[in-house]
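Report on the following structure.
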Amino acid sequence: MKKTVVVEDWFDAYCEEVKQFFVYVTPSKEVEYLVQDTFKHALHHFSSYQQDQHPKTWLFCIARNVVSAQAQDQSNVMWKRLRNKKKEQNVPKDDETSLNGNEIYLAFCKLPEKQREVLFLNLMIGFSFSRVAEVLHSREKKVKKKYDRALRELEESLSYSRHQLEEAISVLSKEESIPFERKESMKQELRLEMGKNEQKPLYVKKSSNKKSIIAGVSAALMLLTAVYVITDRGESQTESTPADNTEGEKEEQQKQQSVYEFHGNIKSQPNLEYMQYAPGGELLLYVQSTDDGQYEIALQNRSEEEPTILNKIATFDHEFRWSPNGKYIVMYKEDDEQTTSISFIDVEKREVMERTFEAKLHNLIWDEDGNGVFFKESIQASNQYEQITYYSLMDREEKVIASGEQDDKPYNYSIQRTSQSGMKVDKLLLNEGLTTELFFEKQEGEWAKVDEKSYAPYSQAFIDRYLYSRDDKTVKRMSWSRNNEKVIYIEEDDDTQLRKINVWEVGDKGPQTIIPQQEDIENVRSFTWSPDNKYVLTSYTLFNWNVYNMDDFSYTTMKEATQEPVWGPNNQIAVIQSVKANGAGEGVSVYTLQNNNLLKGETIYTFNSNTGTATIYGWDDPSRLNVRFENREFDETAYLSFKYQQDEWQRVVKDTINVHAFQSSIWGLDRIQRDEPYSMWEEINKTSSLSIGDGKEATVHLFANTNTSKANAPAFAYIQYDDKWFRVGRVGYKEDSIQVDTKQYTSDETQEIVINGSKEVDGGFVQQSFIIGFNPTDDNGNYFKKIASIPNLQEIDVDEDGEVELVSTEGGHQLKPFKTVLFLPHFETFDRINVAEATGMEYARLMKKGGQYVIKTGRVENTETAYTYQYRNGELKLID
């Protein structure tokens with residue numbers, strides 16, 4: 001059977017599912033073009049298809065490759081759709097589970113891309129884990145881990161069970177669909193694709209031959225190890241250092257890495273399987289695979305150069321939980337064995353202690369002090385029973401808190417919640433389905449069963465007990481203040497479903513309602529207390545937020561964000577939100593609470609939300625904010641710090657900057673249409689025949705309007721190819737020396753036409769290079785495409801690796817500062833890196849210093865703020 005027929009049959013059978021894959025996994029709006037590319041590549045590479053492989057599996061492998069290389073120039077369609085629907089009341093709900101469709105859509109879209117891929121392929125498409133692993137070029141065990149972690153994140157952010165989420169996600173693609181507008185024309189284009197080059201690579205970045213204009217930078221992309229050990233150069237680079245600082249203090253200051261930079265260093269390791277920080281972020285536990293197929297468990301302080309290898313295990317299916325005080329880590333796994341081994345890691349001694357229990361363990365929870373753990377034991381004896389046990393790490397003893405051993409009926413126990421003062425346990429009589437609530441309180445270091453009369457009236461334990469045991473009300477989102485003096489929560493009447501927000505202060509006889517019934521109460525995600533316990537930050541679904549004043553119960557106007565807001569010191573709040581400045585899309589903003597309960601906001605950093613995502617990790621000190629920027633398009637990361645000085649937030653200068661985190665693609669340039677020159681125009685120049693690849697030739701003609709009264713008339717370029725004319729447009733002026741050449745920048749098969757002319761920018765004239773790509777197989781006959789328009793283009797070996805880079809100098813006119821921009825080939829066009837943007841400066845100027853190329857950066861109005869970098873191996877390294 002002909003491959004065109006087979007692929008066309010596959011298109012009919014699977015195009016909808018491939019389309020949904022792009023909808024849910026990529027941030028691109030042009031999903032139809034991605035679908036078309038997928039089936040074109042299937043046609044071109046049909047010879048590599050294995051007959052014993054399911055075609056749908058193979059197609060999704062191709063689709064994933066298309067995602068990896070295809071630049072994304074539009075916001076995620078699901079995300080935009082969600083934001084537009086956020087005020088709708090008729091959201092899809094399941095009658096039995098009352099699932100909020102918008103809430104689940106949004107939470108799913110906010111998962112990392114790889115987790116979305118796993119959930120999509122398994123739950124929406126129905127692939128087994130082994131087939132998902134085949135598509136993702138991974139191992140089945142890793143796929144299962146991503147699946148579990150994804151659902152765990154959804155469970156933590158939403159109030160639904162794992163089963164409810166699995167059911168809801170499995171029907172997402174059925175509930176939300178984007179119709180094909182070009183389905184039949186796409187199929188026709190697929191048939192026409194037959195005559196094209198069968199060996200065309202599948203979205204592979206190409207470097208040029210001979211001159212290899214961008215080979216150095218492309219090689220940097222390949223060679224990057226992503227080990228971002230980015231240390232601050234010292235506070236002297238951004239602010240004055242007190243004179244009384246000792247040399248020892250300076251050395252210690254320089255030696256300490258930010259936890260966020262340390263995070264990037266560890267996460268970039270290729271064998272990393274798992275990582276988890278201690279409370280406070282100083283210590284990190286992580287697991288990495290070894291060459292012999294085993295796994296090492298390592299512990300490392302962020303000030304240490306090397307980790308401590310704690311243990312080596314043959315298989316890795318364990319869970320780790322840090323104690324609240326950060327002194328211990330418990331390592332365990334749940335299985336079908338009746339004997340369970342638990343390992344406790346003593347962080348200070350870096351020792352592993354193992355303890356074996358002759359029972360199956362569940363429901364493991366640290367106590368509030370971090371000196372022991374609670375868990376449920378399933379005892380397999382003559383009469384099977386369960387019990388709640390506490391294991392103390394101080395005296396290495398286990399103590400039974402509640403047990404069914406003496407009961408004549410089969411009771412099950414489960415820990416519902418623990419706090420500093422008490423614990424709630426459910427005791428379930430299986431045969432009758434009756435549940436009894438048991439309460440325990442720590443008295444003189446021992447856990448004792450208590451009843452309501454045993455609590456001090458209106459103490460924290462009393463309020464906890466009362467709210468736990470309400471039969472007529474449902475209590476949600478409970479959050480105690482940091483000093484344990486007040487609790488805020490949502491109360492819902494089980495009969496009327498009316499909701500209100502209450503605050504109950506220790507010592508008061510009852511709660512106080514601060515917000516009566518409102519529509520948006522059901523959308524509250526969390527309450528977070530300020531460090532001084534005076535305010536509560538309330539986060540809603542879709543990340544709307546406001547702040548309650550706990551003194552007078554007033555609240556601020558609702559604000560929007562695209563991530564969960566974060567409290568900082570001095571009652572400041574950092575958020576990621578949509579901004580319009582410079583068309584950036586999103587930005588990092590800092591809000592300060594004023595005395596009149598108003599929020600004063602300031603955007604300190606903007607970025608293109610179509611290209612990347614910023615995440616706030618927190619503040620090291622009151623004046624310093626840390627942000628991680630992830631470039632989704634190129635899977636690159638940069639760690640940024642901002643410091644409040646001289647009455648403004650400024651980027652902290654880094655020793656090393658991963659410039660590829662700030663890389664962006666040039667997309668959306670128009671194809672050159674057929675258009676013959678005007679008859680009254682004068683031809684002022686033309687080239688000889690230019691070889692543009694594939695045995696084809698073209699001629700470039702320059703025309704000017706002879707009827708104009710201007711002394712220097714605009715010059716227009718036309719390409720003559722195959723007896724057809726193609727209008728490039730204005731490329732300079734009649735009196736200019738306009739040069740035309742051909743080069744291989746982005747493709748191994750065709751030559752680009754390069755027209756070096758000029759362009760008027762902001763009232764000034766700059767040299768401009770117009771680079772035009774050639775596609776001899778374009779179905780619509782538009783064989784040429786303007787793929788870049790680059791000002792002041794130079795070919796310079798900036799990093800001294802023997803290969804030149806394309807360097808552009810933008811600005812420098814009308815008081816606009818110079819900016820050095822690197823251009824890199826990407827498939828059929830270019831990527832660009834603005835060095836000023838990467839360094840957080842206003843200007844970045846390429847120059848020679850000591851016989852080497854360097855880039856000097858700084859701010860126009862602050863001559864003292866100037867830094868010099870060298871570009872090496874895809875990074876900017878601070879040298880002065």
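Judged by distance alone, the side chains of E564 and S539 do bring a donor and an acceptor atom under 3.5 Å apart. A donor and an acceptor atom, one from each side chain of T389 and K376, are nowhere located under 3.5 Å apart. A side-chain donor from one of Y274 and Q276 sits under 3.5 Å from a side-chain acceptor of the other. When only modelled atom types and interatomic distance are considered, E636 and N658 share a side-chain donor-acceptor pair under 3.5 Å. Using modelled atom types and a 3.5 Å distance limit, the side chains of R396 and Y391 yield no donor-acceptor pair. For E586 and Y605, the side-chain atoms include no donor-acceptor pair closer than 3.5 Å. When only modelled atom types and interatomic distance are considered, T556 and N546 share no side-chain donor-acceptor pair under 3.5 Å. In the model, D367 has a side-chain atom that pairs as donor or acceptor with a side-chain atom of Y390 under 3.5 Å.
The shortest distance between side-chain heavy atoms of T637 and R628 falls below 4.5 Å. Counting heavy atoms from C-beta on, the side chains of W504 and Y458 come closer than 4.5 Å. Side-chain contact check for V575 versus I573: some heavy-atom pair is nearer than 4.5 Å. Taking 4.5 Å as the limit, every side-chain heavy atom of E348 sits out of range of all side-chain heavy atoms of Y328. In this structure the side chain of L537 reaches within 4.5 angstrom of the side chain of W567, judged on heavy atoms. You'll find the side chain of V287 reaches within 4.5 Å of the side chain of F320, heavy atoms only. With contacts defined as side-chain heavy-atom distances shorter than 4.5 Å, the pair N271/E296 does not qualify. The shortest side-chain heavy-atom distance between I342 and V373 does not fall under the 4.5 Å cut-off.
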For this session: Please step through side-chain contact (heavy atoms from CB on, under 4.5 Å) for the pair V506 and N484, ending with a clear verdict.
Result: CA-CA 8 Å; V506 170; N484 294 313; over 6 Å; no
For this session: Could you walk me through whether E273 and Q288 pass side chain to side chain donor-acceptor pair (under 3.5 Å), step by step?
Result: CA-CA 5 Å; E273 299 283 342; Q288 57 188 359; over 6 Å; no
Problem set entry | Derivation and outcome, side-chain contact (heavy atoms from CB on, under 4.5 Å), residues L284 and M275 | CA-CA 7 Å; L284 175 69; M275 61 190 295; 3.8 Å; yes
For this session: Assess whether side-chain contact (heavy atoms from CB on, under 4.5 Å) is satisfied between L878 and V653, documenting all intermediate values.
Result: CA-CA 9 Å; L878 185 64; V653 177; 3.7 Å; yes
Exercise. Can K327 and W322 be said to form a side-chain contact (heavy atoms from CB on, under 4.5 Å), step by step?
Worked result: CA-CA 8 Å; K327 293 182 178 180; W322 283 86; over 6 Å; no
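Between the side chain of T308 and the main chain of L310, no donor-acceptor pair closer than 3.5 Å is present. The backbone N or O of W619 lies less than 3.5 Å from no partner atom in the side chain of R624, so there is not a single donor-acceptor pair. For R350 (side chain) and V347 (main-chain N/O), a donor-acceptor pair under 3.5 Å exists by modelled atom type. The backbone N or O of K643 sits nowhere less than 3.5 Å from a side-chain atom of R651 that would complete a donor-acceptor pair. Between the side chain of S479 and the backbone N or O of F527, at least one donor-acceptor pair lies under 3.5 Å. Between the side chain of N533 and the main chain of R482, a donor-acceptor pair closer than 3.5 Å is present.
W480 pairs with exactly one of E485, Q460, K486 by the side chain to side chain contact (heavy atoms under 4.5 Å, CB included) rule, that one being Q460.
Between A298 and P307, the closest heavy-atom pair is CB-CB, 4.0 Å. The two residues V118 and V143 have their closest heavy-atom pair at CG1-O, 3.8 Å. The two residues Q563 and I616 make their nearest non-hydrogen contact at OE1-N, 4.2 Å. S589 and Q577 make their closest contact through OG-NE2, 2.9 Å (heavy atoms, listed as atom of the first residue, atom of the second, distance). Among all heavy-atom pairs drawn from W366 and P324, the shortest one is CB-CD, 3.7 Å. Between A614 and V627, the closest heavy-atom pair is CB-CG1, 3.9 Å.
Atom CZ of F344 is separated from atom CD of E354 by 11.0 Å, given to the nearest 0.5 angstrom. Separation of atoms CZ (R152) and CD (Q115) is listed at 9.5 Å; rounding is to 0.5 Å. The distance from the CZ atom of F374 to the CD1 atom of I388 is 10.0 Å, given to the nearest 0.5 Å. How far CD1 of I501 is from OG1 of T538: 6.0 Å, rounded to the nearest 0.5 Å. To the nearest 0.5 angstrom, I345 atom CD1 is 6.0 Å from I297 atom CD1. Rounding to the nearest 0.5 Å places CG of L285 at 14.0 Å from CZ of R321.
Using a cut-off of 4.0 Å between Lys/Arg side-chain N and Asp/Glu carboxylate O, K399 and E397 are scored as not salt-bridged. Between E398 and R355 there is a salt bridge, with a side-chain nitrogen of the basic residue lying less than 4.0 Å from a carboxylate oxygen of the acidic one.
Classification of the F316-Y295 ring pair by plane angle, with boundaries at 30° and 60°, yields tilted.
Here the two rings, on W649 and F642, have centers that are 6.0 Å apart or farther. The ring of Y591 has its center closer than 6.0 angstrom to the ring center of W545.
Within 6.0 Å of NZ on K559 lie more than 12 heavy atoms contributed by other residues, nucleotides or ligands.
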